[in-house]
Amino acid sequence: MAQKREVPGIRAYSNPAGGWGALRATARAVRKQMDVTEAPLLLLRTNKPDGFDCPGCAWPDKEHTSTFQFCENGAKAVTWEATNKRVTPDFFAKYTVTELLQWNDYELENEGRLTHPMVYDRTTDAYRPIEWDAAFARIGEIMRSLPNPDMAEFYTSGRASNEAAFLFQIFAREYGTNNFPDCSNMCHEATSVGLPQSIGIGKGTVSLEDFDRCELIIAMGHNPGTNHPRMMGTLHECSRRGVPIIVFNPLKERALERFADPQNPIEMGTFGSTRIASSYYQVRIGGDAAALKGIMKAVLELAETSEDVLDRAFIAEHTNGFDAFAADLKQTAWADIERASGLARADLERVAAAYVKSNATIVTYGMGITQHAKGTANVQQIANLLLLRGNFGKPGAGICPLRGHSNVQGNRTVGISERPNPAMFAGIERAFGFKSPEHHGHDAVAAMQAMAEGRSKVLICLGGNFSIALPDPELCAESMRKLDLAVHMNTKLNRSQLLIGKESIILPVLGRTEQDIQSSGPQSVTIEDSMSMVHASRGKLKPASEHLRSEPAIVAGMAQATLPGSKVAWMDLIADYDRIRDKIEIVFPDFARYNERIRVPGGFRLPLGPTERVWKTPSAKAEFLLFQGLNEDIVFADAGILKLATIRSHDQYNTTIYGLDDRYRGVFGRRDVLFMNDGDLAAKGLEHGDLVEIETALPSGARRLLKLTAISYDIAPGSVAAYYPEANCLIPIDYQDKESGTPSYKSVPVRVSKAA
Ligand SMILES: Nc1nc2c(c(=O)[nH]1)N[C@H]1C(S)=C(S)[C@@H](COP(=O)(O)OP(=O)(O)OC[C@H]3O[C@@H](n4cnc5c(=O)[nH]c(N)nc54)[C@H](O)[C@@H]3O)O[C@H]1N2
Ligand SMILES: Nc1nc2c(c(=O)[nH]1)N[C@H]1C(S)=C(S)[C@@H](COP(=O)(O)OP(=O)(O)OC[C@H]3O[C@@H](n4cnc5c(=O)[nH]c(N)nc54)[C@H](O)[C@@H]3O)O[C@H]1N2
Ligand SMILES: [Mo]
């Protein structure tokens with residue numbers, strides 16, 4: 001191949017993931033945010049039994065009792081919160097909101113921690129300080145003046161503790177709405193909607209111990225070296241134990257190829273590393289359902305000549321729908337499977353052979369599976385594959401969705417749901433004596449659409465950066481500007497706070513790392529990780545400002561000011577969070593002896609039916625669910641169209657940009673790139689480094705992203721990738737998986753051309 005031209009900031013990264021590069025990057029991240037003398041002590045407290053839970057990801061820790069597990073991106077998350085930088089009232093006096101809107105997302109958050117409650121002042125176009133009580137009173141006044149409680153939206157980002165999220169949902173339901181847009185709607189909603197239909201619960205079924213006993217791991221559509229770094233320790237161990245790890249990912253991700261464990265003195269001393277993927281299949285973007293159907297078709301073909309391929313006893317006793325499912329696979333043609341997945345039949349047959357050989361298989365998956373027009377169906381195909389060999393309810397086997405935010409799963413468990421079930425309403429009535437509204441509320445997309453159409457007038461955000469995380473920034477900004485009131489409970493400055501309608505209030509919260517002291521003394525909160533383990537988290541740092549309040553206390557303050565006749569003793573609950581947990585236990589009996597069980601190091605595990613082969617589906621069996629056809633849509637009919645996935649860089653936490661590098665992908669100091677396959681570059685007459693324009697190829701009208709630099713990358717043909725949130729302008733708000741409502745952030749049909 002011809003020598004590629006030099007492109008600024010683009011150079012191949014030939015090292016393994018982890019290793020010395022990760023140690024150096026950690027040191028740099030710490031130096032930029034904190035006093036280097038205090039950071040090591042702080043990091044040592046992460047995920048210790050009496051310390052705080054790492055806000056970086058939802059991967060569990062061995063019984064939550066391990067010594068500190070080194071983790072570069074965990075350190076970034078912790079030091080970003082524990083930074084010495086502050087956004088004070090002086091800062092807000094210096095810049096108008098219009099001026100701040102010119103800053104980029106990195107610059108905004110990098111100013112540091114919010115220190116005071118602030119209210120927008122239209123006369124100066126700037127935020128000015130407000131007393132807590134005045135802020136609550138004003139919020140209450142506006143909330144009470146809404147003609148209909150369904151005109152308010154209660155957004156939750158998954159960092160909130162169980163205690164905060166529970167009070168938030170009680171507040172909203174007593175107020176009278178089920179409008180709960182939440183980050184999960186943009187993330188694992190396909191899991192929350194898809195898995196209950198398949199196996200009776202919308203959560204993963206494996207524990208860390210299962211990884212010690214599994215015989216095969218299939219890893220689909222996730223990038224753990226960046227997003228679930230503590231999982232790398234687990235994968236590293238499995239690989240060294242000889243467990244095959246089969247990866248499906250359109251992009252070559254370095255950490256899925258090779259990883260050097262910074263805690264392994266030999267690897268570090270010898271500059272060695274461990275291979276992670278035993279085989280790496282670069283599936284076409286959106287081709288996973290086809291690949292899974294191919295693997296299952298091959299398994300059924302093997303079963304024709306051999307008795308022990310299928311777990312027939314399990315299928316007979318525990319499942320429904322096998323015959324229709326098998327018939328559909330039989331009539332699906334290999335040629336179609338190959339075209340839709342971009343993978344060869346022989347490769348999929350190899351995966352089937354490995355699957356059939358394994359007595360205990362785990363499938364792990366992330367946003368590469370869920371954020372698709374057929375995300376729910378994708379998730380259900382994974383469940384189907386596992387059901388074929390009874391890979392539920394036996395050691396070393398199961399399904400493992402990699403949750404996003406560190407407590408997004410817990411938020412759901414304690415009632416953040418726009419489609420709640422009647423059992424919860426009964427629980428709320430038992431605990432508090434009021435009746436909840438029963439009609440369904442809005443999810444994230446529906447909430448934004450209601451704001452766009454002027455049907456919703458108040459937005460209260462428990463964390464997050466709602467309007468930047470959603471697709472279609474233009475529509476989101478307009479919608480925010482139509483609000484009567486937005487309330488932002490945040491640790492840091494972000495763009496959502498600057499998109500102002502009539503009134504806007506910023507309420508600064510304590511972070512996970514900080515001491516939370518209420519009238520009965522220091523408090524712990526609780527978190528549920530990806531494996532349904534619930535444990536306590538207690539911050540140790542002195543708060544970033546004496547004016548901060550805890551999330552539960554702020555929610556209670558707003559609720560009390562909004563609901564004068566409330567049946568909830570808000571201030572009493574805040575005095576001692578054990579009392580909040582007592583109420584959670586009344587509403588959700590799975591939390592029996594909650595306070596007792598979180599005082600045991602490591603906490604406790606919530607019940608998971610499938611681990612005991614108990615299926616809470618209408619048929620009381622696990623269901624084989626059909627995905628008719630193969631493609632999520634018909635765009636491949638037009639050869640010029642590519643599929644775009646929007647992804648995270650290594651220096652990013654969702655809309656929070658820590659820095660401009662994406663080390664493992666060889667991108668440094670910039671984010672304005674489009675990852676492209678060499679064949680696609682050539683077919684479009686493009687060269688590595690050319691400026692390109694991207695245009696969405698959907699009927700809903702022109703959307704363009706101008707002037708990205710196309711770079712040559714090892715990515716599946718027909719697939720391209722760009723960073724989120726910059727590329728969100730290419731995605732219409734209603735381009736989503738119709739079953740779960742998840743935006744199809746990873747399957748946007750686009751046309752790419754040389755910039756004029
Ligand atoms: N440091 C850090 N940690 C994080 C986050 C963060 O932003 N930064 N975010 C947190 C949150 S909220 C979440 S949800 C998780 C996200 O964690 P991940 O699920 O890992 O998320 P992404 O980086 O969006 O994309 C994952 C992978 O999907 C692949 N992919 C794209 N399209 C397809 C496809 O069609 N099929 C397949 N098989 N793969 C595809 C991409 O190449 C990429 O490797 O991480 C959490 N942890
Ligand atoms: N194109 C595209 N869009 C996506 C995705 C994608 O892959 N592609 N991924 C989607 C996914 S998976 C998700 S989960 C969403 C994320 O959506 P969100 O959860 O809304 O976004 P974050 O960027 O995580 O939120 C960042 C803000 O959270 C605040 N914050 C941080 N810590 C705390 C805390 O402890 N308490 C409080 N109250 N506030 C805190 C800070 O002020 C910060 O500005 O984005 C989605 N959007
Ligand atoms: Mo997420």
Test log, rule salt bridge (Lys or Arg N to Asp or Glu O under 4.0 Å), inputs Arg403 and Asp529: CA-CA 8 Å; Arg403 289 280 170 174; Asp529 67 30; over 6 Å; no
So does Arg240 pair up with Glu237, basic N to acidic O under 4.0 Å? no
Ser184 and Val408: which non-hydrogen atoms are nearest, and at how many Å? CB-CG2, 3.7 Å
Can you check whether Asp182 reaches Arg412 side chain to side chain, under 4.5 Å on heavy atoms? yes
Please confirm whether Lys252 makes a cation-pi placement over Tyr713, using NZ or CZ under 6.0 Å from the six-membered ring centre and within 45° of the ring normal. no
Does the side chain of Leu385 reach to within under 4.5 Å of the side chain of Ile218, using non-hydrogen atoms? yes
Does Phe325 reach the side chain of Met296, with side-chain heavy atoms less than 4.5 Å apart? yes
Evaluation steps, salt bridge (Lys or Arg N to Asp or Glu O under 4.0 Å), between Arg312 and Glu317: CA-CA 8 Å; Arg312 292 185 191 275; Glu317 189 186 340; over 6 Å; no
For Phe322 and Phe314, what are the C-alpha separation, side-chain angles and deciding distance, and is it a ring-ring contact (aromatic ring centres under 6.0 Å, His included)? CA-CA 11 Å; Phe322 177 77; Phe314 176 87; over 10 Å; no
Given salt bridge (Lys or Arg N to Asp or Glu O under 4.0 Å), test Arg419 with Glu189 step by step and report yes or no. CA-CA 12 Å; Arg419 285 176 284 188; Glu189 195 65 15; 3.7 Å; yes
Could you pull out the closest heavy-atom pair between Ser747 and Ala373, with the gap in Å? OG-N, 3.5 Å
What one should report as the nearest heavy-atom pair of Ile647 and Gln652 is O-OE1, 4.3 Å
Student check: side-chain heavy atoms of Thr742 and Asn185 closer than 4.5 Å: no
Among Arg665, Arg258, Arg648, find the residue that satisfies the salt bridge (Lys or Arg N to Asp or Glu O under 4.0 Å) test when tested with Glu253. Arg665
Should we count NZ of Lys616 as having more than 12 external heavy atoms under 6.0 Å? no
Search all heavy atoms of Phe624 against all heavy atoms of Gly321 and return the closest pair with its distance. CB-O, 3.7 Å
Decide yes or no on salt bridge (Lys or Arg N to Asp or Glu O under 4.0 Å) for Glu528 and Lys203, but give the supporting numbers first. CA-CA 11 Å; Glu528 176 183 340; Lys203 298 182 179 186; 2.8 Å; yes
Going by heavy atoms in the side chains, are Gln736 and Asp734 under 4.5 Å from each other? yes
Flag side-chain contact, heavy atom, 4.5 Å: Asp472 against Arg703: yes
Could you grab the distance from atom CD1 of Ile337 to atom CG of Leu343, nearest 0.5 Å is fine? 11.0 Å
To check you understand the geometry: which heavy-atom pair defines the closest contact between Ala721 and Ile715, and what is its length? N-CD1, 4.0 Å
Is any side-chain heavy atom of Ile711 less than 4.5 Å from a side-chain heavy atom of Val667? yes
Rounded to the nearest 0.5 angstrom, the CG-CG distance for Leu386 and Asp311 is 12.0 Å
Ring geometry between Tyr365 and His188 (parallel below 30°, tilted from 30 to 60°, perpendicular above 60°): perpendicular
If you draw a 6.0 Å radius around CZ in Arg213, do more than 12 non-hydrogen atoms from other residues or ligands fall strictly inside? no
Phe180 vs His440, ring-ring contact (aromatic ring centres under 6.0 Å, His included): CA-CA, chis, key distance, verdict: CA-CA 10 Å; Phe180 288 107; His440 289 178; over 10 Å; no
Do the rings of Tyr664 and His650 sit parallel, tilted or perpendicular, given the 30° and 60° boundaries? tilted
Shortest non-hydrogen contact between Phe211 and Arg241, atoms and distance: O-NH2, 2.8 Å
A side-chain contact here means heavy atoms from C-beta on lying under 4.5 Å apart; do Leu388 and Asn384 qualify? no
In this structure, OG of Ser341 is separated from NZ of Lys293 (nearest 0.5 Å) by 12.0 Å
Let's go through Phe248 and His222 carefully: what are the C-alpha distance in whole Å and the side-chain angles of both, what is the deciding distance for ring-ring contact (aromatic ring centres under 6.0 Å, His included) to 0.1 Å, and is it a yes or a no? CA-CA 9 Å; Phe248 286 85; His222 65 95; over 10 Å; no
